[in-house]
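Reviewing the structure listed below.
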Amino acid sequence: MSQPPNCVADFEALAKARLPADEFEILASRAPGNETLRRTPLAFDALALRTRVLPGVANADLSVTVLGQRLSVPFMLAPAGYHTRAHPDGELATARAAASVGTLMALATNSGHPMEDVAKAAGGPKWLQTYIFRDRDHTKELVERAEDLGFVAICVTLDGYWPAKRQLAAKGSRRGGEASDGSRTPLKVLGDPRNTWADPEATWADVERLKSITTLPIVCKGIMTAEDARLAVSCGADAIIVSNHGARLGTTLASIEVLPEVVDAVGGRLEIFLDGGVRRGADVVRALALGANAVLIGRPIFWGLAYNGEHGLADLLDLLREEVEMCMMLCGRATIDSIDGSVVARAPDLEERL
Ligand SMILES: Cc1cc2nc3c(=O)[nH]c(=O)nc-3n(C[C@H](O)[C@H](O)[C@H](O)COP(=O)(O)O)c2cc1C
C-alpha cells in the first residue's frame, strides 16, 4: 500500500505486509473456529448511528474521566504482551504514543521492556496489568513496584488462566521471535490452564485480597456476564473491563453484545470499560451509547507499531480520535457525557446475521 493509512483497518494491512507471516498470525490471535471474531464487527455494525441535523455543534470535546484521571479521548490501550514483537521500541514507543494523544496505556505483566523503563519513557498515566498468580507473593511484589513507579491503577486479568490454543513466542523474544543474535526463538505451545502462571483456582476472595493490599483502584478485566459484574461490585472493584480477551475462546458473544446486561447489573456502582473489536470511531461511540465509560483497543497497538513504531501508533490513535469527533458532530453530541442510548438504533437486517 503506497497511500498513507486512513483507517485502522489500513494499519492492519500494512502490518501484515511488514511482519513475518507467522508473527502476524500470532498477533491476530485467531481462536479455533473464529466464531467470536466473525460476529464482533457485525455486532458493532448492527448498532446504526442516528445522525442529527442543525445541532449547532462546531467542535466536540472528547475528554473523559477514567478513575479520576482526565483523558483527552475516550479510548485507551489494552494490556497486551510483548509489543517488541511488532517493533523493537515496543512498550516504550507505546507509552510515548499514548501520551501524545492524551490517553493511558495498560502495561502488561508480559512486557518486552522493564516496567521501570516504560514508566520513564513518557509522562502519561499508566495501569499495570497483572494476574492472580499461583505465587501470590509475585502479584503483591508487582503491585508494590507499580505503586512505587506511579502507576495509577491495577488491572487484574481474570480470564488469564485460559490460554488460547495458539503459539506464543517464548518470553523475552523480540520481533519475529528473533533473538538478538538473529536466531529464531523456539515457539512454545500453551493450551493447558494447568500450565499457566495465573492460578485457575483463584476466586473472588483473591480480588478482595488484592484490593486490600493496595490503595490503587482495581480494574477487573474479563467480565462477560451480569453475574460476574455483580461479584466484582461486591468485591470492591473500582472498574471492570467487559472483555472476552480478544475473542480468545472463539465461542463467546462479542463483548459489545453483553455490554447492556453488564451495564444493567452494575447500576452505576463502578466504571465500565469495554474492549474487543473496537476499530472505528463509530465503534467507540456505539460502546459509549450502550453505557461504557470508555473503551480499549488491543490488536491495533501492534499494527500501529509495526507500521512505524511510536509515530505509526500515534498516527493510528489520531485517526481514531478524528473519527470519534466526526461521529459525535454528526450525531449532534458536543461532549462524551451527552452520548446516550438515543445515539444508536438497532439495524434489524444485520442483527439477523449475528
Ligand atoms: C497479541 C495479544 C496479546 C495480548 N496479551 C494480553 C495480556 O498480556 N494481558 C491481557 O490482559 N490481555 C492481553 N490481550 C487481550 C487484550 O488486552 C484485549 O482484551 C484484546 O486484544 C481486545 O480486543 P482487540 O484486539 O479486538 O482490540 C492480548 C491480546 C492480543 C491480541
Side-chain angles (χ1 to χ4, degrees), residues 8-9 11-12 15 19 22-31 34 36-41 43-44 75-87 90-91 94 104-113 115 118 127-133 139 142 153-164 166-169 171 173 175 177 187 190 196-198 219-224 240-250 252-256 258-259 273-280 283-284 287 292 294-306 313 316-317 320:
V8 170
F11 285 87
E12 180 177 16
L19 290 171
D22 57 348
E23 194 66 19
F24 180 80
E25 273 310 306
I26 288 169
L27 299 175
S29 295
R30 287 181 236 274
N34 263 335
T36 311
L37 275 183
R38 183 199 67 79
R39 67 189 294 123
T40 298
F44 275 108
F75 50 83
M76 309 179 275
L77 304 188
Y82 304 118
H83 295 187
T84 37
R85 285 192 179 123
H87 190 278
E91 286 78 1
T94 305
L104 68 74
M105 78 178 281
L107 178 69
T109 286
N110 296 326
S111 171
H113 291 277
M115 216 193 286
V118 181
W127 295 349
L128 175 75
Q129 174 267 324
T130 184
Y131 303 96
I132 308 288
F133 285 98
T139 310
L142 280 172
I154 301 297
C155 169
V156 58
T157 297
L158 301 177
D159 56 4
Y161 60 86
W162 196 247
R166 61 183 161 90
Q167 289 195 308
L168 292 177
K171 192 172 176 191
S173 69
R175 188 176 182 169
L187 294 174
L190 293 177
T196 59
W197 322 280
V219 181
C220 290
K221 178 170 185 278
I223 304 298
M224 284 293 284
I240 56 178
I241 305 179
V242 178
S243 171
N244 53 27
H245 212 111
R248 174 182 271 198
L249 287 185
T252 64
L253 289 177
S255 49
I256 190 74
V258 304
L259 179 61
F273 314 124
L274 170 137
D275 74 22
V278 175
R279 299 291 178 267
R280 288 175 296 169
D283 299 338
V284 178
V295 301
L296 302 98
I297 55 168
R299 292 173 183 82
I301 300 170
F302 294 101
W303 302 337
L305 291 175
L313 182 53
L316 182 149
L317 297 173
L320 199 56

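First listed ligand is number 1; within each ligand, the first listed atom is number 1. The chain is numbered in sequence order, starting from 1. Predicted model only: the values in this text are computed from it and were never measured.
One option in Ala86, Pro300, Gly298 has a heavy atom closer to atom 21 (O) of ligand 1 than any other, and that option is Gly298. Across the listed options Ala78, Ser243, Ser255, Pro79, Pro79 owns the non-hydrogen atom lying nearest to atom 28 (C) of ligand 1. Distances from atom 12 (N) of ligand 1 to the heavy atoms of Lys221, Arg85, Arg30 show the closest one on Lys221.
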Trp303/Leu27 under side chain to side chain contact (heavy atoms under 4.5 Å, CB included): CA gap, chis, key distance, verdict: CA-CA 9 Å; Trp303 302 337; Leu27 299 175; 5.6 Å; no
Derivation and outcome, side chain to side chain contact (heavy atoms under 4.5 Å, CB included), residues Thr109 and Trp197: CA-CA 11 Å; Thr109 286; Trp197 322 280; over 6 Å; no
Step-by-step side chain to side chain contact (heavy atoms under 4.5 Å, CB included) determination, Asn34 to Arg38: CA-CA 6 Å; Asn34 263 335; Arg38 183 199 67 79; 5.5 Å; no
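Any N or O atom pair closer than 3.5 Å counts here, and Gly277 shares at least one such pair with ligand 1. Checked against a 3.5 angstrom limit, the closest N/O atoms of Ser29 and ligand 1 fall outside it. Any N or O atom pair closer than 3.5 Å counts here, and Val278 shares no such pair with ligand 1. Considering backbone and side-chain atoms alike, Ile297 places every N or O at 3.5 Å or more from each N or O of ligand 1.
Residue-ligand proximity, Asp275 to ligand 1, at heavy-atom distances under 4.0 Å covers atoms 18 (C), 19 (O), 22 (C). Every atom of ligand 1 with a heavy atom of Arg299 under 4.0 Å away is listed here by number and element: 23 (O), 24 (P), 25 (O), 26 (O), 27 (O), 31 (C). Near Gly246, with a cut-off below 4.0 Å to any heavy atom, the atoms of ligand 1 are 19 (O), 20 (C), 23 (O). When each atom of ligand 1 is checked for a heavy atom of Thr157 under 4.0 Å away, the hits are 10 (C), 11 (O). Of all the atoms in ligand 1, the ones that sit under 4.0 Å from a non-hydrogen atom of Ala108 are 8 (O). Remark: ligand 1 atoms within the under-4.0 Å shell around heavy atoms of Phe302 are 1 (C), 2 (C). Proximity to Gly81 (heavy-atom distance under 4.0 Å) selects the following atoms of ligand 1: 3 (C), 4 (C), 5 (N), 6 (C), 7 (C), 8 (O).
Side chain of Ser243 to main chain of Gly222: no donor-acceptor pair is present (N/O by atom type, distance under 3.5 Å, no hydrogens or angles). Proximity of a side-chain donor or acceptor of Arg279 to a complementary backbone N or O of Pro41 within less than 3.5 Å is not detected.
Heavy-atom separations between Arg279 and ligand 1 include at least one value shorter than 4.0 Å. Residue contact annotation: Tyr131 has a non-hydrogen atom under 4.0 Å from ligand 1.
By the salt bridge (Lys or Arg N to Asp or Glu O under 4.0 Å) test, Arg39 pairs with Glu35, Glu257, sequence neighbours left out. By the side chain to side chain donor-acceptor pair (under 3.5 Å) test, Arg280 is found to be paired with Asp45, residues two or more places apart in sequence or in another chain being considered.
When non-hydrogen atoms are compared, ligand 1 lies under 4.0 Å from the side chain of Gln129 (C-beta onward) but not from its backbone. With a 4.0 Å cut-off on non-hydrogen atoms, Tyr82 does not touch ligand 1 at all.
Considering all non-hydrogen atoms of both residues, Ala86 and Phe302 come closest at CB-O, 3.4 Å. Closest approach of Asn110 and Glu91 over heavy atoms only: O-OE2, 4.3 Å.
Residues Ser255 and Asn244 bring no donor and acceptor atom of their side chains to less than 3.5 Å of each other.
Each of Lys221, His245, Gln129 was checked for a side-chain hydrogen bond (donor to acceptor under 3.5 Å, both in side chains) with Thr157, and the lone residue meeting it is Gln129.
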